[in-house]
J.: 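Just passing along the structure, written as structure tokens.
Being a predicted model, the structure only gives us computed values, none of them experimental. Remember, it's 1-based here, ligands and their atoms both numbered in the order they're listed.
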Amino acid sequence: MRDWSDRVTTTEMVKLYGAAWSVYVRVARLALEEKQIKYSLVEVDVFAETGVPQEHLKRHPFGRIPAFQHGDFHLYETGAIVRYIDDAFPGCKLQPTSPKARAKVNQIVGILDAYAYRTLVWNIYVERVVSARQGRLANEKTIAAALPRAAVCLSELTRLSDDRGFLIGDKATLADLYAAPMFAYFMQTPEAALLMEGHEKLIHWWHRFATRDSMLRTRP
Ligand SMILES: N[C@@H](CCC(=O)N[C@@H](CS)C(=O)NCC(=O)O)C(=O)O
């Protein structure tokens with residue numbers, strides 16, 4: 001007999017808990033937008049003066065965003081959320097089926113998660129751009145220390161990506177969805193202008209991807 005216990009009903013309500021400024025919330029929103037899934041974004045302020053709201057800690061005991069709900073199914077961790085969205089819902093596929101292309105997508109996602117997010121977003125963008133907006137001096141040591149790591153991130157992205165319109169292959173994948181929200185911040189910094197020299201492939205990718213509907217619809 002067929003087991004329907006894990007069957008997914010795609011008409012059940014989808015909610016994403018987080019904030020539009022968040023890189024990881026945007027990754028998850030891009031997956032929902034690319035697959036044309038209706039969802040609501042429920043605002044959560046993890047940096048509230050009173051701390052992470054108690055009801056959010058029940059959804060995400062580590063106090064991060066995003067958290068995700070589909071009917072009575074709950075998840076946190078962006079990697080799990082976007083893969084669930086891709087597997088459970090119809091529409092375009094955000095993960096290639098070929099084992100090598102899929103592994104490269106996952107490798108790029110791993111690099112972005114483990115190295116690029118902290119380096120490009122926190123150590124360079126937040127230090128350079130957000131600090132000025134907040135009226136504080138940038139920590140030049142933090143920025144200087146991040147530059148060599150940023151250079152490795154960019155040269156690895158260039159080396160691993162191919163040149164068929166997207167980072168991997170000829171369709172948007174999780175690799176693009178992870179990279180784009182990070183680049184949206186990093187590319188606003190003067191450091192990016194220097195670091196991106198010689199990375200024409202990435203520059204072209206960014207200019208193309210930045211104008212996609214999903215990107216325009218999720219602008220912070
Ligand atoms: N491993 C988590 C990381 C999520 C994450 O770091 N989100 C940031 C916003 S982009 C956050 O919640 N920051 C709050 C904090 O660091 O306290 C995931 O993949 O979802």
Side-chain angles (χ1 to χ4, degrees), residues 14-35 37 39-70 73-89 94-95 102 105-131 133-134 136 139 142 146 149-150 153 157 167 172-189 192 209-210 214-215 217-220:
V14 172
K15 283 186 183 174
L16 199 66
Y17 298 86
W21 55 261
S22 154
V23 162
Y24 284 101
V25 169
R26 197 173 187 191
V27 173
R29 291 180 73 196
L30 286 175
L32 292 163
E33 294 284 348
E34 289 288 338
K35 300 209 44 135
I37 298 165
Y39 67 98
S40 51
L41 178 63
V42 182
E43 190 72 26
V44 176
D45 183 2
V46 281
F47 293 125
E49 271 177 27
T50 47
V52 179
Q54 282 305 315
E55 75 267 18
H56 188 64
L57 285 171
K58 287 187 201 139
R59 292 178 209 115
H60 196 318
F62 299 96
R64 298 288 179 98
I65 47 177
F68 170 88
Q69 185 181 350
H70 177 211
F73 181 63
H74 297 259
L75 273 179
Y76 64 85
E77 282 307 299
T78 307
I81 295 168
V82 292
R83 288 177 178 93
Y84 173 77
I85 290 169
D86 196 27
D87 293 339
F89 290 86
L94 301 170
Q95 302 169 92
R102 200 174 176 97
V105 165
N106 286 331
Q107 185 179 18
I108 289 178
V109 168
I111 291 168
L112 293 163
D113 240 345
Y115 315 116
Y117 173 61
R118 180 118 317 258
T119 307
L120 306 184
V121 178
W122 281 96
N123 297 348
I124 300 180
Y125 167 77
V126 172
E127 257 335 298
R128 180 62 73 216
V129 178
V130 179
S131 62
R133 215 181 279 154
Q134 292 172 339
R136 65 175 177 86
N139 185 334
T142 302
R149 171 61 66 94
C153 289
L157 289 177
L167 288 179
T173 70
L174 297 185
D176 306 287
L177 273 47
Y178 265 73
M182 299 186 194
F183 272 71
Y185 285 140
F186 171 65
M187 293 302 274
Q188 295 177 37
T189 68
F209 204 84
S214 60
M215 286 293 282
R217 289 167 60 87
T218 57
R219 246 195 318 223

J.: Checking K35 side chain against F89 main chain: does a donor-acceptor pair fall under 3.5 Å?
T.: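 Checked: pair present.
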J.: Testing D176, V105, L174 for side-chain contact (heavy atoms from CB on, under 4.5 Å) with L94, which one passes?
T.: L174
J.: Using atom types as modelled and distance alone, determine if a side-chain donor or acceptor of Y178 lies under 3.5 Å from a backbone N or O of G79.
T.: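 Flag set: sc Y178 to bb G79 pair under 3.5 Å.
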J.: So, does R149 use its side chain to make a donor-acceptor pair with the main chain of Y115 at under 3.5 Å?
T.: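 Not a single qualifying donor-acceptor pair exists.
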J.: Using 4.0 Å as the upper bound for N to carboxylate O, is an ion pair formed by R29 and E34?
T.: no
J.: Q95 pairs by side-chain hydrogen bond (donor to acceptor under 3.5 Å, both in side chains) with which of N106, D86, T173?
T.: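 Per the side-chain hydrogen bond (donor to acceptor under 3.5 Å, both in side chains) rule, the option paired with Q95 is D86, out of N106, D86, T173.
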J.: Please tabulate, line by line, the atom pairs linking an N/O of ligand 1 to a protein N/O at a distance below 3.5 Å, with the distance in Å to 0.1, or answer 'none'.
T.:
{"from": "ligand 1", "atom 1": "1 (N)", "to": "E77", "atom 2": "OE1", "distance (Å)": "2.8"}
{"from": "ligand 1", "atom 1": "1 (N)", "to": "E77", "atom 2": "OE2", "distance (Å)": "3.3"}
{"from": "ligand 1", "atom 1": "6 (O)", "to": "R64", "atom 2": "NH1", "distance (Å)": "2.8"}
{"from": "ligand 1", "atom 1": "7 (N)", "to": "I65", "atom 2": "O", "distance (Å)": "2.9"}
{"from": "ligand 1", "atom 1": "12 (O)", "to": "I65", "atom 2": "N", "distance (Å)": "2.9"}
{"from": "ligand 1", "atom 1": "16 (O)", "to": "R64", "atom 2": "NE", "distance (Å)": "3.3"}
{"from": "ligand 1", "atom 1": "19 (O)", "to": "E77", "atom 2": "OE1", "distance (Å)": "3.4"}
{"from": "ligand 1", "atom 1": "19 (O)", "to": "T78", "atom 2": "N", "distance (Å)": "3.3"}
{"from": "ligand 1", "atom 1": "19 (O)", "to": "T78", "atom 2": "OG1", "distance (Å)": "3.3"}
{"from": "ligand 1", "atom 1": "20 (O)", "to": "T78", "atom 2": "N", "distance (Å)": "3.0"}
{"from": "ligand 1", "atom 1": "20 (O)", "to": "T78", "atom 2": "OG1", "distance (Å)": "2.7"}

